[in-house]
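Just below is one structure, and these are the notes that go with it.
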Amino acid sequence: MNLDDPFPLELVSPRVRTAILREFQDRHPSIREMTRISNKDWLATPGIGETALEDIRSVVDDRLSREESSSSTVMSDAELLKCFANVQNELKQIRTIIRDRMTNVPV
């Protein structure tokens with residue numbers, strides 16, 4: 001998912017879809033473009049009221065939260081290195097346990 005992907009018009013009502021397309025001169029807007037329009041500007045747009053605005057923001061917010069959760073930029077390099085070190089330590093512990101069990105197996 002990318003903010004430059006097309007806004008999923010199929011997730012809003014036909015009335016809201018028509019208003020969005022009219023606002024963008026029949027061009028399919030990106031999610032990023034949809035985030036750049038303020039609530040005040042949307043409410044001044046013909047065919048967009050409070051309910052329609054809630055629908056638009058719900059779709060945008062859902063896409064933004066997906067973007068944040070799927071992006072590796074959410075964690076800093078230091079955080080990623082710390083996680084990597086933790087995984088390496090766990091792997092060492094697992095290897096030690098397996099090695100101990102393998103040497104203590106009765107023949």
Side-chain angles (χ1 to χ4, degrees):
M1 210 298 297
N2 186 329
L3 292 178
D4 293 318
D5 288 345
F7 179 85
L9 290 170
E10 67 278 2
L11 297 181
V12 295
S13 71
R15 184 178 56 79
V16 175
R17 187 177 315 132
T18 300
I20 291 170
L21 289 172
R22 189 179 323 114
E23 181 67 17
F24 286 91
Q25 290 81 40
D26 289 323
R27 183 180 58 78
H28 199 132
S30 70
I31 297 167
R32 185 181 314 276
E33 289 174 304
M34 295 294 286
T35 64
R36 290 183 178 157
I37 298 177
S38 71
N39 289 352
K40 181 181 175 183
D41 289 340
W42 271 124
L43 291 172
T45 302
I48 302 292
E50 290 287 339
T51 303
L53 179 59
E54 285 177 22
D55 290 347
I56 291 169
R57 291 299 180 216
S58 173
V59 172
V60 168
D61 291 346
D62 179 57
R63 294 303 191 247
L64 288 174
S65 67
R66 286 184 189 182
E67 176 74 11
E68 288 173 2
S69 66
S70 68
S71 174
S72 64
T73 60
V74 173
M75 295 178 76
S76 69
D77 289 349
E79 291 170 322
L80 288 170
L81 286 171
K82 186 175 181 179
C83 286
F84 180 66
N86 289 338
V87 170
Q88 283 183 315
N89 287 335
E90 286 181 41
L91 186 56
K92 284 180 186 177
Q93 291 172 356
I94 292 169
R95 285 181 180 149
T96 301
I97 292 169
I98 291 172
R99 192 177 312 118
D100 290 347
R101 288 187 181 173
M102 296 293 286
T103 57
N104 294 328
V105 175
V107 182

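Computation of the quantities below employed the complete heavy-atom set of this structure, encompassing side-chain atoms and omitting hydrogens, waters and symmetry-equivalent molecules. Since the structure is predicted, the reported quantities are computational estimates derived from the model, not experimental observations.
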Does any pair with a residue in residues 27-53 pass salt bridge (Lys or Arg N to Asp or Glu O under 4.0 Å), and if so which ones, sequence neighbours excluded? Asp4-Arg32, Arg27-Glu33
By side-chain hydrogen bond (donor to acceptor under 3.5 Å, both in side chains), Asp61 pairs with (sequence neighbours left out) none
Distance check, rounded to the nearest 0.5 Å: Arg15 atom CZ versus Asp55 atom CG? 8.0 Å
Please determine whether the number of non-hydrogen atoms from other residues, nucleotides or ligands lying under 6.0 Å from atom CG of Asp77 exceeds 12. no
What's the separation between atom CD in Gln93 and atom CD1 in Ile97, rounded to the nearest 0.5 Å? 7.0 Å
Between Ile37 and Thr45, is there a side-chain heavy-atom distance shorter than 4.5 Å? no
Contacts satisfying salt bridge (Lys or Arg N to Asp or Glu O under 4.0 Å) that involve residues 88-98 (not counting sequence neighbours) are none
How close do Gly47 and Ala52 get, heavy atom to heavy atom, and via which atoms? O-CB, 4.2 Å
Is there a donor-acceptor pair under 3.5 Å between the side chain of Ser58 and the backbone N or O of Glu54? no
Contacts of Arg57 that satisfy side-chain hydrogen bond (donor to acceptor under 3.5 Å, both in side chains) - sequence neighbours left out: Asn39
Please list, one pair per line, the donor and acceptor atoms closer than 3.5 Å that link side chains of residues 17-25 to other protein atoms, with sequence neighbours excluded.
| from | atom 1 | to | atom 2 | distance (Å) |
| --- | --- | --- | --- | --- |
| Arg17 | NE | Leu9 | O | 3.1 |
| Arg17 | NH2 | Val12 | O | 2.9 |
| Thr18 | OG1 | Pro14 | O | 2.9 |
| Arg22 | NH1 | Pro46 | O | 3.2 |
| Gln25 | NE2 | Glu23 | O | 3.4 |

Run the side-chain contact (heavy atoms from CB on, under 4.5 Å) test against Pro8 and tell me which residues pass, sequence neighbours left out. Glu10, Leu11, Ile31, Val59, Arg63
